Amino acid sequence: MAGGRWKMCVVYTVCMFLIAPVGADLGVTLDVAGRQAMLTQQMSKEFILVSLGIDPEANKRRMHESIKLFNDSLYDMIHGNNARNISSPPTDLVASGLQEVADLWAPFVELLLKNVDQIRDAAPDVRTEILIYVSWGNMPLLVQSNVVVSNLAHIAELAKIETKGFVVDLAGRQQMLIQRMCKEAYLVASGVHVNSAASMLEEDQILFHSSHKGITRGAHWAGVPPVTKLCTTHQMSAVTYNYGLFDPLISEISTVLPISQNIKTAHRLAPEIEARSGPLIDAMAAAVSLYVNDPGTCNPVDAMTASGWKVLILSMADVMADSQMTVSCFLQMSNAVAVQQSTVSLIVGMNTVSAALASMIEGDKAKSIEAAPTQSLLDELRVASSMWASLVEDLQKGISSTEIPLMMATKVSFLSQQFQDKLEVVRSSLVEQATLSLKGTRYAVQDVQASVASLQSMMLAKMTMLVNLIFAATNGDAREIMESARELFNATRDAFLAGHRSMLVGSPGSDGKPTLIRLASVCEVQHMLKVYHMFNSVVRDSEMVLAGTQQSRGALEMLSLTTQTTYELTTSFASALVNNDTQDTLPCQNDTLPADDWLEMVVAVGDFRAFSQEACATQISIVASSGSAFEKLAEILAVKEQVMQKLYDISYGSATLPAPITQAIFEKLVETVEPPVLDFAESLEGGSGDTAVLKSLEVVAALNSLQDLCIAEATRAYPSVPFLRVDAASRQILLVQKTVLQAVMFVYEVTSLRVFEVIMAEFSRLHQDLKQGGSGLPPIPSERPDLLSQWAKVDVASARLKNTLKNMGRKNVDSLLASRDDLVLHLNTIRDLYKVPDPVGAEQFPWMYLAYGIMGCVFCGATCVAACLHRRACRSASDARNQSTQLGLADQP
Ligand SMILES: *[C@@H]1O[C@H](CO)[C@@H](O)[C@H](O)[C@H]1NC(C)=O
Ligand SMILES: *[C@@H]1O[C@H](CO)[C@@H](O)[C@H](O)[C@H]1NC(C)=O
Ligand SMILES: *[C@@H]1O[C@H](CO)[C@@H](O)[C@H](O)[C@H]1NC(C)=O
Ligand SMILES: *[C@@H]1O[C@H](CO)[C@@H](O)[C@H](O)[C@H]1NC(C)=O
Ligand SMILES: *[C@@H]1O[C@H](CO)[C@@H](O)[C@H](O)[C@H]1NC(C)=O
């Protein structure tokens with residue numbers, strides 16, 4: 001031991017003495033020596049290519065160049081060359097090593113030079129013999145060249161001379177390996193030493209691959225740090241890509257295949273292997289020189305395309321969702337929920353996330369993923385990646401242990417939260433830089449949108465994680481954890497809902513948040529409603545768990561399922577947005593919805609229409625009330641909020657309302673209903689009663705027109721459902737609200753006209769038509785006693801309202817509103833009854849039977865008549881509505 005150290009010391013001193021004058025040159029010498037190894041392979045390869053007749057003239061020329069380079073360097077190293085900064089051998093060991101190289105070199109180079117001109121034309125057996133010599137001769141030369149390199153490196157290390165280090169040696173060896181793989185493939189093609197060449201090829205492949213990984217990701221055991229610099233990273237990504245093109249060709253040659261097949265394959269592929277090795281070697285050479293010195297002068301941002309950014313942003317969002325879901329599975333496991341499924345998802349998730357992070361750091365051109373294009377993004381990603389690595393360690397511990405203690409679950413949740421925060425930092429700076437670099441083109445905006453969709457999945461998974469954490473904490477009675485997790489759960493739930501909403505309606509870019517375009521396709525809207533319903537189930541199940549009752553465990557199991565389903569909905573939506581194929585991939589139910597959905601929509605449109613009038617009446621009452629200005633404002637804002645909510649619900653559906661059913665209906669809502677409603681909502685706050693009333697009439701007109709469309713499309717889908725009659729009942733409610741509004745205006749002296757009496761009279765006419773038929777409505781047949789009795793109740797209630805109207809004054813506003821509400825209640829009931837079609841036969845007019853009789857058969861005749869009748873009915877119905885609208889407008893002072 002002591003002797004060893006003593007010897008080292010002597011060597012060291014000697015070295016210092018010898019090297020001091022030439023120390024700076026030793027690095028250059030090492031580089032040159034390293035390249036020699038590669039050249040031995042390169043020249044052999046070039047020789048074999050000539051023999052195979054593959055681009056023989058060029059390869060002959062290249063071989064001569066390789067030989068000259070090798071020979072010059074060899075003699076420079078033997079004698080030293082100040083002009084090239086190559087030092088003479090620093091020790092005897094090196095000198096004798098070089099001499100051995102020279103001894104091997106002389107016969108080998110002679111072999112090459114003597115035969116290269118005839119090899120193509122030589123008889124097959126002569127050619128084989130020469131190739132065998134070449135394949136024997138190059139290897140000792142390679143080995144001995146490497147011995148020299150190691151000796152030089154050892155001296156440099158002892159003398160503490162700054163060299164470019166192990167990584168550069170490794171990278172240099174990669175170049176040699178590429179040449180050697182080519183050489184071996186061509187030997188196989190030549191039918192020379194096929195088996196040993198093929199097995200060497202396989203070994204080289206493995207070696208290249210693992211070294212490549214080591215170089216890019218670092219190998220701690222070998223003291224190799226990971227690549228961190230931007231340009232080197234991108235250059236290595238180019239190497240990965242080019243190796244990805246090269247490797248499959250090489251892989252077609254295999255020791256398990258018959259020799260003859262390998263020869264044939266290698267022969268076929270040789271030109272392609274050669275063509276692909278070129279860019280690979282160049283990329284590797286560029287990478288090596290960047291290892292030595294990365295001046296940071298590359299600018300990958302400039303090379304980023306819109307789709308390059310898109311892929312990065314989306315990958316990031318996917319990583320966020322996948323990792324959160326993975327952690328959520330872990331938490332489920334800790335509660336022994338859906339253990340098998342959770343374990344599988346956990347394992348898959350860990351690998352998916354690790355691979356995705358690696359792709360974003362290293363680039364994966366085959367999957368169109370560019371390495372992150374700025375140094376700061378790369379650095380952040382690297383930090384995120386190491387956070388994930390330590391999270392994975394904990395997750396793996398969890399998989400292998402029988403029980404996951406609360407402390408472990410808490411720790412993982414906490415780490416996961418930090419990890420997510422980091423990812424969000426990276427994501428937003430990606431979005432920011434993409435927007436900057438693409439100058440906010442629409443294309444970029446849509447990508448952001450898709451990434452927001454993935455974030456929804458992430459939040460969903462996070463909620464489930466938190467619920468599981470709270471459940472575990474409840475059992476462990478860890479109050480503090482419970483409370484903070486509960487708060488986070490609420491915040492995440494609200495963020496999900498806000499995200500959901502802004503995806504639907506769009507949002508202007510602000511506070512660093514990107515612009516979102518509102519969804520334009522009704523199928524997307526329908527899908528989003530499905531998501532919303534499922535999300536509500538998730539929240540419901542969560543609350544049941546959080547209630548901490550005996551049912552909690554069952555609810556937790558249930559939550560695992562609802563989360564899964566919802567997660568699938570949100571991720572499939574995100575990927576449909578990404579691929580811009582929502583139309584094809586999301587089922588659009590416009591043609592298959594039941595009649596009930598159509599009815600609900602017709603009713604919803606009618607209710608919104610009536611509500612516009614009610615809102616005006618409420619607003620006028622509030623203004624006239626005796627509250628403070630502040631209270632009044634608060635109340636009016638609440639009314640405004642209701643209007644906005646109803647607009648949202650009717651446009652996008654809600655817990656109780658369906659989404660718009662057809663594209664035409666949705667577009668009409670967005671284009672013609674929404675603007676007047678927004679105007680109206682604004683005017684409510686404005687104060688003066690009659691502006692709002694005027695605006696409300698525009699809302700009514702827009703909704704009338706929408707209702708026409710709804711009824712037309714509904715009737716086309718379900719010809720026998722009495723949509724018109726249902727709408728007539730809705731119009732009755734509208735007329736009641738309108739009447740009361742006018743009465744309130746009159747009482748509070750917003751108007752001096754007693755228009756309410758005129759409108760009430762119109763109500764009564766419609767009331768009669770609904771019973772006896774008229775205005776395109778059929779009479780109530782005697783087979784509908786339910787309708788008849790409810791009609792009578794409406795009759796009574798409307799009489800009461802009329803009565804109240806007779807002596808209007810401030811005193812009886814309350815009773816006016818009460819009798820209005822009572823009447824509306826009865827109208828709601830009859831409207832439900834009107835939805836039921838009358839028994840067949842009752843709705844037929846007698847003369848239709850007559851027509852059947854006269855015409856004898858005539859199905860088509862009857863259809864024609866029915867159609868005419870229907871058209872007339874529609875026209876008069878909409879006439880009636882128009883009249884009422886005109887009346888409303890004309891009534892304004
Ligand atoms: C190698 O270089 C030496 C010295 O420069 C020269 O004498 C020799 O001819 C060269 N050999 C070849 C094969 O070029
Ligand atoms: C040799 O080294 C000197 C000083 O380090 C440097 O200026 C010169 O460019 C080098 N020459 C070559 C050929 O590398
Ligand atoms: C979370 O939301 C629920 C339901 O909205 C509410 O009852 C609860 O008080 C909230 N908890 C916290 C901590 O905010
Ligand atoms: C998405 O597809 C539609 C037609 O299906 C097309 O009009 C639109 O331009 C596409 N958007 C993008 C960003 O490719
Ligand atoms: C249903 O949607 C599809 C695709 O959007 C459309 O082609 C079809 O006309 C729609 N049907 C109805 C009844 O609106």
Side-chain angles (χ1 to χ4, degrees), residues 29 32-33 35-36 39-44 46-47 50 59-84 86-89 95 98-117 119 130 133-134 137-138 140-142 144-145 148 413 417 459-460 462-471 473-474 478-501 532 535-549 552 555 559 562 645 654-655:
T29 313
V32 170
R35 196 182 53 197
Q36 295 291 82
L39 286 171
T40 64
Q41 299 307 297
Q42 189 172 338
M43 64 182 72
S44 311
E46 282 152 357
F47 183 86
V50 175
N59 279 312
K60 208 181 291 181
R61 198 185 64 239
R62 289 188 201 118
M63 190 195 79
H64 282 296
E65 284 164 11
S66 305
I67 288 175
K68 180 168 185 338
L69 202 53
F70 185 93
N71 193 60
D72 289 353
S73 301
L74 176 61
Y75 283 94
D76 284 346
M77 283 193 292
I78 290 175
H79 303 301
N81 182 340
N82 287 340
R84 286 180 70 194
I86 295 177
S87 54
S88 41
L98 282 168
Q99 193 49 54
E100 254 176 81
V101 172
D103 293 348
L104 291 164
W105 170 238
F108 182 68
V109 72
E110 196 191 337
L111 176 71
L112 295 182
L113 292 174
K114 212 173 78 188
N115 291 300
V116 72
D117 289 325
I119 184 83
I130 294 170
Y133 283 136
V134 170
N138 79 80
L141 194 55
L142 169 64
Q144 189 54 38
S145 300
V148 171
S413 312
Q417 187 56 43
M459 287 192 265
L460 187 69
K462 190 196 253 182
M463 283 165 62
T464 303
M465 173 194 82
L466 290 167
V467 172
N468 273 281
L469 178 62
I470 295 172
F471 183 83
T474 312
R479 193 143 292 282
E480 212 169 293
I481 296 172
M482 281 162 65
E483 278 164 13
S484 69
R486 172 76 221 204
E487 233 163 77
L488 196 51
F489 174 87
N490 280 14
T492 312
R493 174 198 64 200
D494 297 345
F496 182 97
L497 288 170
H500 186 83
R501 197 176 174 119
Y532 180 73
F535 180 75
N536 281 342
S537 310
V538 169
V539 171
R540 194 195 52 225
D541 291 343
S542 299
E543 290 296 350
M544 244 157 95
V545 176
L546 299 179
T549 61
S552 287
L559 177 64
T562 43
Q645 188 62 46
S654 70

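Every number for a ligand or one of its atoms is a count from 1 in the order of the listing. On a predicted model such as this, the values are computed, not experimentally measured, just so you know. Values below: every heavy atom of this structure, side chains too, minus hydrogens, waters and symmetry copies. FYI, the numbering just counts along the sequence from 1.
- Closest heavy-atom contact between M459 and T492: O-CG2, 3.5 Å.
- Which of N490, L546, D494 comes nearest to atom 12 (C) of ligand 3 through a heavy atom is settled by distance: it is N490.
- Atom 7 (O) of ligand 3 is never approached by the protein to below 4.0 angstrom, counting heavy atoms only.
- When only modelled atom types and interatomic distance are considered, N490 and R486 share a side-chain donor-acceptor pair under 3.5 Å.
- Remark: among candidates V109, I78, L112, the nearest residue to atom 13 (C) of ligand 1 is V109, based on non-hydrogen atoms.
- Formation of a donor-acceptor pair under 3.5 Å by the S73 side chain with backbone atoms of V32 is not found in this model.
- Nearest protein neighbour of atom 3 (C) of ligand 1, counting heavy atoms only, is N71 ND2, 3.4 Å.
- Side-chain contact between M463 and F535: present, with at least one pair of heavy atoms (C-beta onward) separated by less than 4.5 Å.
- Relative ring orientation between H79 and Y75 is described as parallel, the plane-to-plane angle staying below 30° on a 0-90° scale split at 30° and 60°.
- Using a 4.0 Å cutoff on heavy atoms, R493 counts as a contact of ligand 3.
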